[in-house]
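What you see below is based on every heavy atom in this structure, not just the backbone, and it leaves out hydrogens, waters and symmetry mates.
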Amino acid sequence: MVARGRTAPPTLEEVAAFAGVGRGTVSRVINNAPGVRATTRLTVERAIAELGYVPNQAARALAGSRTGAVALVITETERRFFAEPFFSDIVRAVGAGLADTEIQLLLTLVRSEKERQRFVQYARAGRVDGVLLVSVHGSDPLPDLLAELEMPTVLSGRRSSDEPVSYVDSDNVGGARSAVRYLVDAGRRAIATVTGPPDMYVAQCRLRGYRDAMRNAFGEVEASWIAQGDFTEESGRRATAELLERHPELDAVFAASDIMAAGALHTLRAAGRRVPEDVALVGFDDSPLAQHTDPQLTTVRQPVEEMGRAMARVLLEDIDDRSAACRHVILRTELVRRASA
């Protein structure tokens, strides 16, 4: 119930609390996105009516005008942004997707809560027509904050299986499954994996693909064959050292990114293991790095160029028709066979 004498309009958080749901659920209802049960949707709609909640009017007013600019937001540190080829590749691909338009692409890094709030204020002021988000972690509220502003937004990847915001993603489960199946078919039996951060859905999916393939080949896999990384080379080195200590008999490693595979390669060599004779190694991404290791990496190619162009295309469609349902695009991956496995 709205307090008498109140002057401030109700917020998305207050609607969520009133309905007994999360703010993401309220955003999905407001944007008519899939993944909300009918009873929950009705509860949220009643809360909206009861509280008199109205989505951001400034954003609605801006729908009739254009700034001619979109923001590409990377929610990672400078270290990761400059160290990992994926980020420069996605920036290049998005730029190519916008090349035939008159739209200006603005690149920004959001690395802290302060920077997140600053960017939300920037978007609320109507300085961009839409936002492309890259490398969003599971708990990041930025997509929901932008949804509250009714700002057209497209994610590279997604935060969960029921992501309410438009996104373009790769088939990470299928790609990881094909990589491990390839190792099994090559006669490898002691196959370990180096995962990405557990709060990123992309890492969860690649781990799921590993587990699926191992389960199909050998039954349930023990946790000791899984070591956590964070998509950095150093974490690939450290995680592989842990795996060798636990399982000296391992004969294959699937790393959830090429840069972690490069770290794994360093550790394997330091331990006197030949790649691929003693230990086969497979990465993920097919970044330029994969062709510059010795031996060159067998890896799973995700179509970064196509992803960036698709993100730009979906965002332009969302900007042109803000009433349309969210768009979810999943692109195929491909195993690229080279010398490391």
Side-chain angles (χ1 to χ4, degrees), residues 22 24 35 72-91 109-113 115-116 131-146 153-177 179-180 193-212 223 226-236 238-240 254-264 282-287 289 299-304 307-308 311 328-331 333:
L72 176 59
V73 179
I74 312 290
T75 58
E76 292 292 352
T77 63
E78 298 99 325
R79 179 186 177 191
R80 281 202 63 195
F81 177 73
F82 289 108
E84 297 184 31
F86 170 80
F87 295 112
S88 59
D89 289 346
I90 203 74
V91 172
L109 300 184
V110 172
R111 299 151 293 187
S112 65
E113 174 61 23
E115 291 180 336
R116 182 186 300 119
V131 177
L132 300 163
L133 288 177
V134 179
S135 197
V136 178
H137 293 247
S139 59
D140 194 333
L142 183 54
D144 296 328
L145 294 171
L146 294 171
T153 301
V154 179
L155 307 185
S156 169
R158 43 190 159 150
R159 294 170 293 174
S160 68
S161 60
D162 61 348
E163 176 62 65
V165 179
S166 291
Y167 63 78
V168 177
D169 202 358
S170 294
D171 180 10
N172 291 292
V173 175
R177 190 186 295 125
V180 178
T193 187
V194 178
T195 74
D199 67 335
M200 295 189 73
Y201 190 64
V202 59
Q204 297 170 25
C205 288
R206 293 177 187 179
L207 176 58
R208 188 186 315 155
Y210 165 81
R211 286 185 180 275
D212 287 350
I226 301 167
Q228 183 182 318
D230 60 9
F231 289 141
T232 64
E233 182 174 352
E234 177 55 36
S235 73
R238 172 182 43 76
T240 304
F254 166 60
S257 75
D258 289 344
I259 196 164
M260 290 196 300
V282 178
F284 203 115
D285 289 331
D286 193 29
S287 66
L289 174 66
T299 184
V300 178
R301 174 182 296 153
Q302 60 171 340
V304 178
M307 287 177 67
M311 289 175 66
H328 296 163
V329 180
I330 299 179
L331 303 175
T333 55

Can a donor-acceptor pair be found between the side chains of Ser235 and Asp230 at a distance below 3.5 Å? yes
Kindly determine whether Ser160 and Asp162 satisfy side-chain hydrogen bond (donor to acceptor under 3.5 Å, both in side chains), including the steps that lead there. CA-CA 5 Å; Ser160 68; Asp162 61 348; 2.6 Å; yes
Applying the side-chain contact (heavy atoms from CB on, under 4.5 Å) test to Arg159, which of Asp199, Asp144, Val202 qualifies? Asp144
Smallest separation among heavy atoms of Leu155 and Met311, with atom names: C-CE, 4.1 Å
For Phe284, does the six-membered ring have the charged nitrogen or CZ of Arg206 within the cation-pi criterion, i.e. under 6.0 angstrom from the centroid and within 45° of the normal? yes
Nearest atoms (heavy-atom pairs only) where Pro303 meets Ser170: CD-OG, 3.8 Å
Can you check whether Met307 reaches Val329 side chain to side chain, under 4.5 Å on heavy atoms? no
Rounded at 0.5 Å granularity, tell me how far OG in Ser156 sits from CD in Gln302. 7.5 Å
Are Arg111 and Glu78 side-chain neighbours, meaning at least one heavy-atom pair lies under 4.5 Å? yes
Euclidean distance, Leu146 CG relative to Thr153 OG1, rounded to 0.5 Å: 4.0 Å
Rounded to the nearest 0.5 Å, what separation is found between the OG atom of Ser135 and the CZ atom of Phe231? 8.0 Å
Any side-chain heavy-atom pair of Arg116 and Asp140 under 4.5 Å: yes
Of all heavy-atom pairs linking Val282 and Ala179, the shortest is CG1-CB, 3.8 Å
Approximate separation, where rounding is to 0.5 Å, of Ile90 CD1 and Leu72 CG: 8.0 Å
Just by distance, no angles: are the side chains of Asp285 and Ser287 close enough, under 3.5 Å, to form a donor-acceptor pair? no
With a 4.5 Å limit on heavy-atom distance, are the side chains of Leu133 and Pro143 in contact? yes
Student check: side-chain heavy atoms of Val168 and His328 closer than 4.5 Å: no
Closest approach of Arg158 and Tyr167, non-hydrogen atoms and distance? NH1-OH, 3.3 Å
Answer with yes or no whether the side chains of Thr333 and Asp171 bring together a donor and an acceptor at under 3.5 Å. no
Can you check whether Phe81 reaches Val91 side chain to side chain, under 4.5 Å on heavy atoms? yes
Angle class for the Tyr210/Phe254 ring planes (parallel below 30°, perpendicular above 60°, tilted otherwise)? parallel
What distance do Phe87 atom CZ and Leu109 atom CG have between them, rounded to the nearest 0.5 Å? 9.5 Å
pair Val194-Thr240: side-chain heavy atoms closer than 4.5 Å: yes
Quick one, Tyr201 with Val136, criterion side chain to side chain contact (heavy atoms under 4.5 Å, CB included). Give me CA distance, side-chain angles, the key distance, then yes/no. CA-CA 9 Å; Tyr201 190 64; Val136 178; over 6 Å; no
Do Gln228 and Thr195 meet the criterion of a side-chain donor-acceptor pair at a distance under 3.5 Å? no
What are the two closest heavy atoms between Thr232 and Met260, and how far apart are they? O-CG, 3.3 Å
Identify the heavy atoms of Gly209 and Ala176 that sit nearest to each other, and give their distance. CA-CB, 3.9 Å
I'd like to know if the side chain of Thr299 pairs up with that of Asp286 as donor and acceptor (distance under 3.5 Å, no hydrogens or angles considered). no
Taking C-beta and beyond as the side chain, do Arg238 and Glu233 meet within less than 4.5 Å on heavy atoms? no
Nearest 0.5 angstrom please: Leu132 CG to Ser166 OG, how far? 10.5 Å
